[in-house]
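Read through the structure below, which is laid out as structure tokens, and then see the notes.
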Amino acid sequence: MISTYLAYLFSGLAVLFAISTILQRNPVYSAASLIGVMVMLACNYVLLNAEFIAAIQIIVYVGAIMVLFVFVIMLLNLERAKREKLLISRRAVGVLLGLALSLKLAMVGYASKILIESGRLKIPEGMGSTQVIGKYLFSNYLLPFEVASLVLLVGLIGAVVLGKREAS
Amino acid sequence: MDLGMLVFIVIKILVVFGLVMLTVAYLTLLERKVLAHMQVRVGPMFAGPHGILQPIADGIKLFFKEDIVTKQADKVFYFLAPALSIIPVLMIFAVIPFGDKTTLFGLLKEPVELRITGLRIDILYVFAMSGLATYGVVFGGWSQNNKYALIGGIREAAQLISYEVAFTLSIFGVVMVAGTLQLDKIVEAQRNVWFIVYQPVGFLIFLTASVAELKRTPFDLPEAESELVAGFHADYSSMKFAMFFMAEYASIVVCSCLGTLLFLGGWLGPSILPPFVWYLIKVFVLIFVIIWLRATYPRLRYDQLMKFGWKFLIPVSFLNIFVTAIVILLVR
């Protein structure tokens with residue numbers, strides 16, 4: 001019962017932080033709001049009994065990626081961003097992409113609800129525990145897992161290439 | 001959940017919080033005394049016999065000092081940063097066990113665990129909280145709008161990203177040998193042999209990376225006094241300044257507890273002493289080593305720090321995991 005209220009609280013705060021991320025003019029405030037979004041999502045994962053995902057969410061996004069973001073913002077010492085007039089076409093593209101993403105998420109959520117209720121998609125015993133997730137990553141979902149790491153590797157090499165070119 | 005359970009949990013939290021705060025206060029005295037004697041001085045002598053009341057005097061002094069907020073400071077983060085640095089560290093103590101299950105000399109009917117709570121993913125929780133602890137220093141350095149503090153904050157961010165990798169990887173060796181992420185089960189797995197025997201390289205990496213995460217000499221570049229006039233907390237005064245220091249000393253306690261639990265067999269030891277005493281002895285040995293390092297080594301240069309982290313510590317910790325995995329596969 002109380003967890004339902006908590007879920008609404010965390011989700012509401014996540015949305016507020018997300019809005020604040022795009023409305024803040026000061027980049028450090030934006031980054032801090034984004035950190036808030038990540039932490040609130042992690043809180044919701046805990047409510048869903050997925051402690052492993054929650055911990056990984058904080059370690060990867062808050063503990064590593066956002067530190068890098070803040071580091072770069074501070075290193076470049078970005079002043080308050082001037083609110084630029086965006087072109088209508090750019091805004092349209094942004095709105096379309098946002099709508100498409102929301103639609104996709106809603107579809108995935110709805111489809112998995114139907115699949116689980118009809119019993120075609122079985123949730124494995126003890127899902128959310130580290131052992132089960134590890135076993136699935138290295139057996140059933142080995143290919144997507146390896147492809148994801150390849151994509152990351154490509155990104156890494158790309159960053160090195162771009163950085164080197166600028167230096168020479 | 002009935003009222004009795006709730007009261008019991010609150011009591012546990014208050015006891016742990018009180019003990020940690022007391023230890024933190026007296027760590028400042030311990031550090032000053034140990035450093036003084038290593039440098040052939042006597043250290044604080046006047047507040048009480050051999051300066052034993054010095055932490056209390058310091059506390060009162062800091063509490064009544066004027067709280068200065070500079071004009072150019074970013075008010076929101078200036079106030080938030082000290083809290084952001086100490087809260088995650090204190091939250092780590094929620095999962096740190098302090099001893100085996102006990103009935104408190106027969107006072108309680110059922111044995112209780114000497115910890116606030118246990119999770120299925122204790123170690124990941126510790127990593128998550130130590131990742132959050134970065135932001136206190138980073139935002140604190142930025143919020144003062146002061147170039148020394150800003151450089152301190154930037155250095156902290158870069159240093160933590162670099163050494164957190166090695167810190168995390170060094171612990172994974174232990175997790176692989178024990179086969180669990182729960183701290184109490186890791187201690188139980190060391191009943192025959194302490195993991196420092198199986199993971200000597202892991203222990204050295206853990207110790208080095210901890211000292212770097214604690215921002216202590218030789219890795220104290222974020223607050224390098226001689227070049228950055230105290231770095232990220234240059235403008236802070238009064239209790240806000242004290243909170244940064246409390247966070248730092250509480251982190252020393254956390255790292256020593258983790259080192260004890262993961263590598264030194266936790267509360268296990270010959271039964272001439274109760275488990276809790278063994279645990280305290282090991283924790284204070286590690287704390288002493290960390291203070292000892294400060295008296296021994298000069299500060300690194302910044303490029304040396306980065307090179308050491310990325311080109312030596314991280315490859316060695318990957319190698320450690322690789323060798324551990326192969327040995328586990330061969331043995332089983």
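Atom set for the values below is all heavy atoms of this structure, side chains included, hydrogens, waters and symmetry mates excluded. Just so we're on the same page: letters track the sequence lines, and every chain starts at 1.
We find the CZ-CD1 distance between B:Phe139 and A:Ile35 to be 4.0 Å, quoted to the nearest 0.5 Å. Atoms CG and CZ, on A:Asn49 and B:Arg120 in that order, are 6.5 Å from each other to the nearest 0.5 Å. Annotation: the span from A:Ile58 atom CD1 to B:Tyr125 atom OH amounts to 9.5 Å, rounded to 0.5 Å. Residue B:Ser130 holds its OG atom at 8.0 Å from CD1 of A:Ile59, rounded to the nearest 0.5 Å.
Side-chain N or O atoms of B:Tyr135 include one that pairs as donor or acceptor with a backbone N or O of A:Val67 at under 3.5 Å.
When the shell of 6.0 Å around CZ of B:Phe127 is examined, it contains more than 12 heavy atoms from other residues, nucleotides or ligands. Enclosure of atom NZ in B:Lys75 by more than 12 non-hydrogen atoms of other residues, nucleotides or ligands within 6.0 angstrom is indicated. When the shell of 6.0 Å around CD1 of A:Ile2 is examined, it contains 12 or fewer heavy atoms from other residues, nucleotides or ligands.
For B:Leu181, the part sitting under 4.5 Å from any heavy atom of chain A is the side chain, from C-beta outward, and nothing else. Interface remark: A:Leu68 contributes backbone and side-chain atoms alike to the contact with chain B (heavy atom separation under 4.5 Å). Both the backbone and the side chain of A:Val62 come within less than 4.5 Å of a heavy atom of chain B.
Listed in order of number, the residues of residues 159-167 of chain B that approach chain A to under 4.5 Å between heavy atoms are B:Ile161, B:Glu164.
Checked against ring-ring contact (aromatic ring centres under 6.0 Å, His included), B:Phe318 has no partners two or more places apart in sequence or in another chain. In terms of the salt bridge (charged side-chain N to carboxylate O under 4.0 Å, His left out) criterion, A:Glu146 has no residue partners (sequence neighbours excluded). Remark: B:Phe312 pairs with B:Phe308 by the ring-ring contact (aromatic ring centres under 6.0 Å, His included) rule, at least two apart or across chains.
At a threshold of 4.5 Å between non-hydrogen side-chain atoms, the residues B:Val76 and A:Tyr29 count as touching.
Note: B:Ile154 leads B:Thr168, B:Ile154, B:Leu124, B:Ile121 in heavy-atom pairs under 4.5 Å with chain A.
Among all heavy-atom pairs drawn from B:Ala128 and A:Ala55, the shortest one is CB-O, 4.1 Å.
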